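Chain letters run A, B, ... following the sequence lines, proteins first, then strands; residues in each count from 1. Quick caveat: nothing in here was measured; it's all calculated off a predicted structure.
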Number of protein chains: 2
Amino acid sequence: MNFNTITIKDIATALNLSVSTVSKALRDSYEISEKTKKLVNDYAREHNYRPNPIAQSLKQGNSKSIGIVVSTIENQFFSQVINGIESVAYKAGFNVIITQTHESYDLEVKNVEHLTHRSIDGLLISLSTETHDLGHLKRLNELGLPIVFFDRITDEIETHKVISDNFKGGYDATRHLLDGGYRRIAHITSPPNISITRERFAGYKKAMEEAGITIPDEYIKHCPHGGRDVGEIEKALNELLLLKNKPDAILTTSDRITTTSLFLLNKLGIKIPQEMAIVGFTNTMLADVLSPSLSSVYQPGFEMGQKATELLLNLILSKRPVYEFETMVLPTQLVTRRSTSPKN
Amino acid sequence: MNFNTITIKDIATALNLSVSTVSKALRDSYEISEKTKKLVNDYAREHNYRPNPIAQSLKQGNSKSIGIVVSTIENQFFSQVINGIESVAYKAGFNVIITQTHESYDLEVKNVEHLTHRSIDGLLISLSTETHDLGHLKRLNELGLPIVFFDRITDEIETHKVISDNFKGGYDATRHLLDGGYRRIAHITSPPNISITRERFAGYKKAMEEAGITIPDEYIKHCPHGGRDVGEIEKALNELLLLKNKPDAILTTSDRITTTSLFLLNKLGIKIPQEMAIVGFTNTMLADVLSPSLSSVYQPGFEMGQKATELLLNLILSKRPVYEFETMVLPTQLVTRRSTSPKN
DNA sequence: TTGAAAGCGGTACCAC
DNA sequence: GTGGTACCGCTTTCAA
């Protein structure tokens, strides 16, 4: 149903004008006399006229709106990104449509389809953990849909990308543990197909190598859905705890894996950091208030949303096709707290 | 831009049929021969045809999508509600469009306008703290737009509503404090114009009355934006701490007010619960892991989203106008933890 | 069984 | 300066 009180046609009838005249008057065309413009605009204002953007986009081929795909808005990092996106988009007169994949490839495909059908002018996307095949996005990219990837990106499509410095985040966190005297550092993370997993792992590995430590294979645990299900985190943690060569510290990635690991360790009665230190990627504002306070790698979510949107708007508003793309890397921030206090 | 590879017209041209025939074939009309149907459907499948829902909704006057308005998705409660909404909506073949007011009346009006223009079939809304005037929603309601309120509702519009048992939540939490020996119980909450504030206050008041305690006026602190800004929470808390007759416990409402209060108390070095007990409404999954673990009133967010959507779909799909409305009240759950351990 | 044409709400080209 | 009209993609009478 259409709940706009009034259409351009109604105005035309009421003022005894043609629709085209009304349309032009509303768009402040030079062709229309000031008198008519005033007449039309006054009437429109009084009757609370609003153009129907669906009709407009059908006609004009643009919609002044951008689509967003994230894994889940429950994740503080993503809700901060979305706030950043909105702050820039609204200022430029664009609306946003938010969708969630819940880490499902099928839902990602469905959402992207839904968004393009709703006639978006551009797409901001962070890939789901299940996504291997990028066909759905490649097709759109080739058709000319402006796309900007953020957070979880891909090499297979050339366009603007915005990430945080995951390598450095992983490196700094690991270095911090090493400096505190921890040597047996395990890593619970997302599946290796998504970019952030590989980047953070690389940082972790580098720091370990520099310390002359070989990482046992069984120290690396992947959660197939990036921690969506408690079970996968529980499994990873239990396996680590059962190792002969039990780790004395864990580096976790993603909000969910980090906070859930903390929860589980507490539940098991394991003393943090004496028996097990923990540092993780998370954007929760509660790191300070956790028990114990949680050392964490913070990503600039809001800024990431802003930057990604600025780049996307550039693509959308560019008169000519763009062939030069950039990958913007934003700094992460390690905040050390009690969960990683130095040994002894 | 339209990034659908192919339109109904393309199919018509390719198969040497008329658009109307193709349209009917795709909709499996009895008028069309099986042979033609097969021809059309095969071609459509091969070429990955998807109808353009914008054009459809322009024509049909419905869009198979529902609009959502919440204050902020950063709030765990609301992201849980949204997940509940999606779970029901998707199953019924409806899409959802999520918008945030950030507790601003202006944004609420703008979002509602944007949603109705995008041709939604129904609206799910939780009012912003700034909203006093309901004109924008009354108008739509009178025009026949199905609306279901949840969480922060209003008496001024008659329709389905879903809330949690805020009275009982407030009552139980207060009762729990009283049972623990706390008597000077303060209350930091949202502004009184929104329903949840009044309902929770009523429960708190009832419990205090039953205990024969008169609540000093200065024990009631309202955060104008429901805790959106840290400053307003800080101010409320500081004022309480400076009172001669300093409270020994606080009941907080909303995720933000609750967790921020905990943070601030910790920061000030105030011992919880010895110097100040705290219990609050929050849906964070971290209540257990906080320092100290936080007694909290949990609201069934996911279920609320589900119920609200079911009611909305009833309204949307109903053949005849609906005149009987219900207000569904879902149970809250008090989980007691260390932040409210009994005195002594 | 199939097709022509109108129309949803706008925009824009082209006449007058 | 104003109006007629075609069109965006699709659905739906009404004719053929």
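Closest to the side chain of A:Ala55, out of C:dG9, C:dT1, C:dC8, is C:dG9. Closest to the side chain of A:Thr7, out of C:dT1, C:dA12, C:dG9, is C:dG9.
Proximity of A:Arg50 to the phosphate of C:dG9: no side-chain N or O atom is located under 4.0 Å from OP1 or OP2. A sub-4.0 Å separation between OP1 or OP2 of D:dC10 and a side-chain N or O of B:Arg27 is absent. In terms of phosphate contacts, B:Tyr30 brings no side-chain nitrogen or oxygen within less than 4.0 Å of OP1 or OP2 of C:dT2. At the phosphate of C:dT1, neither OP1 nor OP2 sits under 4.0 Å from any side-chain N or O atom of B:Thr36. Not one side-chain nitrogen or oxygen of B:Ser23 sits closer than 4.0 Å to the OP1 or OP2 atom of D:dT12. The shortest distance between the side-chain N/O atoms of A:Tyr49 and the OP1/OP2 oxygens of C:dG10 is below 4.0 Å. When the side-chain nitrogen and oxygen atoms of A:Ser18 are compared with OP1 and OP2 of D:dG3, one or more of them lie within a distance under 4.0 Å. A close approach under 4.0 Å does not occur between any side-chain nitrogen or oxygen of B:Gln56 and OP1 or OP2 of D:dG9.
A:Tyr105 approaches A:Asp133 most closely through the heavy-atom pair CE1-O, 3.5 Å. Taking all atoms of both residues into account, the shortest heavy-atom contact from B:Tyr90 to B:Asn95 is CE2-ND2, 3.9 Å.
Here C:dT11 presents its P atom at 15 Å from CD1 of B:Ile54, a figure rounded to the nearest Å. For the pair B:Lys59 NZ and C:dA5 P, the computed distance is 15 Å after rounding to whole Å. A:Asn52 has its CG atom 14 Å from the C1' atom of C:dG7, to the nearest Å. Look at CG on B:Leu39: it is 13 Å from C1' on C:dT2, rounded to the nearest Å. Atom-to-atom, CG of A:Leu58 to P of D:dA6 comes out at 17 Å; the value is rounded to the nearest Å. For A:Asp28 and D:dT2, the CG to P distance is 13 Å, given to the nearest whole Å. The nearest whole Å value for the distance from the CG atom in A:Leu17 to the C1' atom in D:dG4 is 14 Å. A straight line from CG of A:Asp10 to P of C:dG7 spans 15 Å, rounded to a whole angstrom.
Counting heavy-atom neighbours within 6.0 Å of B:Glu158 CD, excluding the residue itself, gives a total of 12 or less.
The CD1 atom of B:Ile82 lies 10.0 Å from the CG atom of B:Leu124; values are rounded to the nearest 0.5 Å. If you take NE2 on A:His114 and CZ on B:Arg50, they are separated by 13.5 Å, rounding to the nearest 0.5 Å.
When the nearest nucleotides of DNA chain D are assigned to B:Thr21 and B:Lys9 by heavy-atom distance, the more 5′-ward of the two goes with B:Lys9. Both B:Val22 and A:Leu26 sit near DNA chain C, but only B:Val22 has its closest nucleotide nearer the 5' end.
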Expected rows: protein N/O vs nucleotides 13-15 of chain C N/O, under 3.5 Å:
unit_1: C:dC13; atom_1: N4; unit_2: A:Lys24; atom_2: NZ; d: 3.4

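Salt bridge status for A:Glu113 with A:Arg139: absent, with no side-chain N to carboxylate O gap under 4.0 Å.
The rotation axes computed at either terminus of the helix from C:dT1-D:dA16 to C:dC16-D:dG1 lie 60° apart, taking five pairs at each end and rounding to 10 degrees.
In this structure B:Ile32 satisfies the side-chain contact (heavy atoms from CB on, under 4.5 Å) test together with B:Thr21, B:Lys24, B:Ala25, B:Ser29, B:Thr36, B:Lys37, sequence neighbours excluded. Remark: B:Ala89 engages B:Ile66, B:Phe94, B:Val96, B:Thr309 in a side-chain contact (heavy atoms from CB on, under 4.5 Å) (not counting sequence neighbours). Contacts of A:Lys9 classified as salt bridge (Lys or Arg N to Asp or Glu O under 4.0 Å), with partners at least two apart in sequence or in another chain: none. Applying the side-chain contact (heavy atoms from CB on, under 4.5 Å) test to A:Glu156 and every residue at least two apart in sequence or in another chain returns A:Leu134, A:Lys138, A:Thr154.
Residue A:Ser57 is out of contact with every strand shown, counting any heavy-atom pair closer than 4.0 Å.
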Residue pair B:Asn83, A:Gln100: steps toward the side chain to side chain donor-acceptor pair (under 3.5 Å) verdict: CA-CA 9 Å; B:Asn83 285 341; A:Gln100 313 185 65; 3.1 Å; yes
